[in-house]
Amino acid sequence: MEPSKLGSYFEEFVVGETVEHALSKTIFESDNNFFSMLTMNHHPVHTNMDYARRNQHGQLLVVGTLVFSLVVGMTVPDISGKAIANLDYENIRHLGPVFVNDTLYAKTTILDKRESKSKPDRGIVYVETTGYNQHGEAVISFRRHVLVKKQA
């Protein structure tokens, strides 16, 4: 049996390749409530069922930054497990609503990569990640630059 591998080295990333991440997560009401309180997002569309029922979607919406955080986390075993740092996040787009009891999945496409100009032991990988619900509907997408170790 091989031990699990956390992340990839710079040399292992292939531009144009898409990674279907193995991790997934069903979002429970407790997840949404805890995250709402922890981050001080007290908007009633996330925490008040009566209020949510009388508004656009008719049910509680999951906090968008929770969706973002979960999808980023799903990518760690494949994308940033050997990262030195996530350098930036850009073009974060909420593409559709996420509700309590939805299940999230993710995939990431390697858009580009380049060697570091200042440090020869690392490189920068540019990726785009899309998160989907259980119906295959895209609910979030974002791009980021990841500073990744090279193989020794």
Side-chain angles (χ1 to χ4, degrees), residues 4-10 12-114 116 122-150:
S4 61
K5 178 182 143 185
L6 182 61
S8 297
Y9 290 103
F10 175 77
E12 297 175 295
F13 286 94
V14 177
V15 174
E17 182 177 82
T18 297
V19 178
E20 299 273 345
H21 302 292
L23 296 179
S24 58
K25 170 74 171 116
T26 299
I27 302 174
F28 300 106
E29 188 172 0
S30 58
D31 299 325
N32 191 53
N33 285 342
F34 181 69
F35 194 84
S36 294
M37 296 305 115
L38 181 66
T39 60
M40 299 180 67
N41 184 340
H42 298 222
H43 194 289
V45 76
H46 304 304
T47 60
N48 181 320
M49 186 74 73
D50 181 55
Y51 178 89
R53 282 189 183 126
R54 291 185 280 115
N55 282 277
Q56 181 177 347
H57 297 291
Q59 58 184 311
L60 289 176
L61 284 174
V62 172
V63 179
T65 49
L66 173 56
V67 174
F68 173 73
S69 296
L70 288 171
V71 173
V72 168
M74 289 176 197
T75 72
V76 170
D78 304 310
I79 303 300
S80 58
K82 291 193 178 8
I84 296 164
N86 286 301
L87 299 176
D88 62 33
Y89 292 94
E90 62 182 33
N91 202 28
I92 301 168
R93 298 180 311 141
H94 295 277
L95 304 171
V98 176
F99 304 109
V100 170
N101 296 321
D102 277 355
T103 300
L104 295 176
Y105 301 90
K107 69 179 181 180
T108 299
T109 300
I110 314 308
L111 301 176
D112 196 13
K113 71 180 200 176
R114 66 175 176 82
S116 171
R122 59 196 71 181
I124 298 169
V125 181
Y126 185 46
V127 299
E128 181 172 35
T129 299
T130 304
Y132 297 87
N133 65 17
Q134 68 276 12
H135 305 295
E137 301 162 338
V139 295
I140 191 168
S141 69
F142 54 89
R143 293 180 174 197
R144 64 182 161 147
H145 290 90
V146 185
L147 186 62
V148 181
K149 298 175 191 176
K150 286 186 176 179

Residue pair [X] / [Y], side-chain heavy-atom distance below 4.5 Å:
| X | Y | value |
| --- | --- | --- |
| Tyr132 | Val139 | no |
| Asn86 | Ser80 | yes |
| Val146 | Leu87 | no |
| Thr26 | Asp102 | no |
| Val148 | Ser8 | no |
| Val19 | Lys107 | no |
| Thr129 | Val72 | no |
| Ile79 | Phe13 | yes |

[X] versus [Y], closest heavy-atom pair with distance:
| X | Y | value |
| --- | --- | --- |
| Ala106 | Met74 | CB-SD, 4.1 Å |
| Pro77 | Leu23 | CG-CD1, 3.7 Å |
| Ala138 | Leu95 | O-CB, 3.5 Å |
| Ile110 | Val14 | CB-O, 3.3 Å |

To the nearest 0.5 Å, tell me how far [X] [atom1] sits from [Y] [atom2].
| X | Y | atom1 | atom2 | answer |
| --- | --- | --- | --- | --- |
| Ile140 | Phe68 | CD1 | CZ | 6.5 Å |
| Asn91 | Asp88 | CG | CG | 11.0 Å |
| Leu60 | Ile27 | CG | CD1 | 12.0 Å |
| Asp112 | Tyr126 | CG | OH | 9.0 Å |
| His42 | Asn48 | NE2 | CG | 13.0 Å |
| Met49 | Thr47 | CE | OG1 | 10.5 Å |

Flag, side chain of [X] to backbone of [Y], donor-acceptor distance under 3.5 Å:
| X | Y | value |
| --- | --- | --- |
| Lys113 | Phe10 | yes |
| Gln134 | Thr103 | yes |
| Asn32 | Val63 | yes |
| Asn133 | Leu104 | no |
| His46 | Leu61 | yes |

Does Gln56 have more than 12 heavy atoms from other residues, nucleotides or ligands lying within 6.0 Å of its CD? no
Tyr89, OH: over 12 other non-hydrogen atoms inside 6.0 angstrom: yes
Can you label the angle between the His43 ring and the Tyr51 ring as parallel, tilted or perpendicular, going by 30° and 60°? perpendicular
Tell me whether Glu128 is salt-bridged to Arg143, with the criterion being a basic N under 4.0 Å from an acidic carboxylate O. yes
For Lys25, give me all partners under salt bridge (Lys or Arg N to Asp or Glu O under 4.0 Å), at least two apart in sequence or on another chain. Asp31
With Lys150 via salt bridge (Lys or Arg N to Asp or Glu O under 4.0 Å) - residues at least two apart: Glu115
Mind running side chain to side chain contact (heavy atoms under 4.5 Å, CB included) on Val76 and Leu6 for me, showing each step along the way? CA-CA 8 Å; Val76 170; Leu6 182 61; 4.2 Å; yes
Verify the ring-centre separation between His21 and Tyr105: is it less than 6.0 angstrom? no
Using the side chain to side chain contact (heavy atoms under 4.5 Å, CB included) rule, take Phe99 and Asn101 through it: C-alpha gap first, then chi angles, then the decisive distance, then the call. CA-CA 6 Å; Phe99 304 109; Asn101 296 321; over 6 Å; no
Consider only side-chain N and O atoms of Arg144 and Thr75, and report whether a donor and an acceptor are under 3.5 Å apart. yes
By side chain to side chain donor-acceptor pair (under 3.5 Å) - contacts of Thr109 (at least two apart): Thr18
I would like to know whether Thr65 and Phe35 meet side chain to side chain contact (heavy atoms under 4.5 Å, CB included); could you show each step before the answer? CA-CA 9 Å; Thr65 49; Phe35 194 84; 3.2 Å; yes
Please confirm whether Lys82 makes a cation-pi placement over Tyr9, using NZ or CZ under 6.0 Å from the six-membered ring centre and within 45° of the ring normal. yes
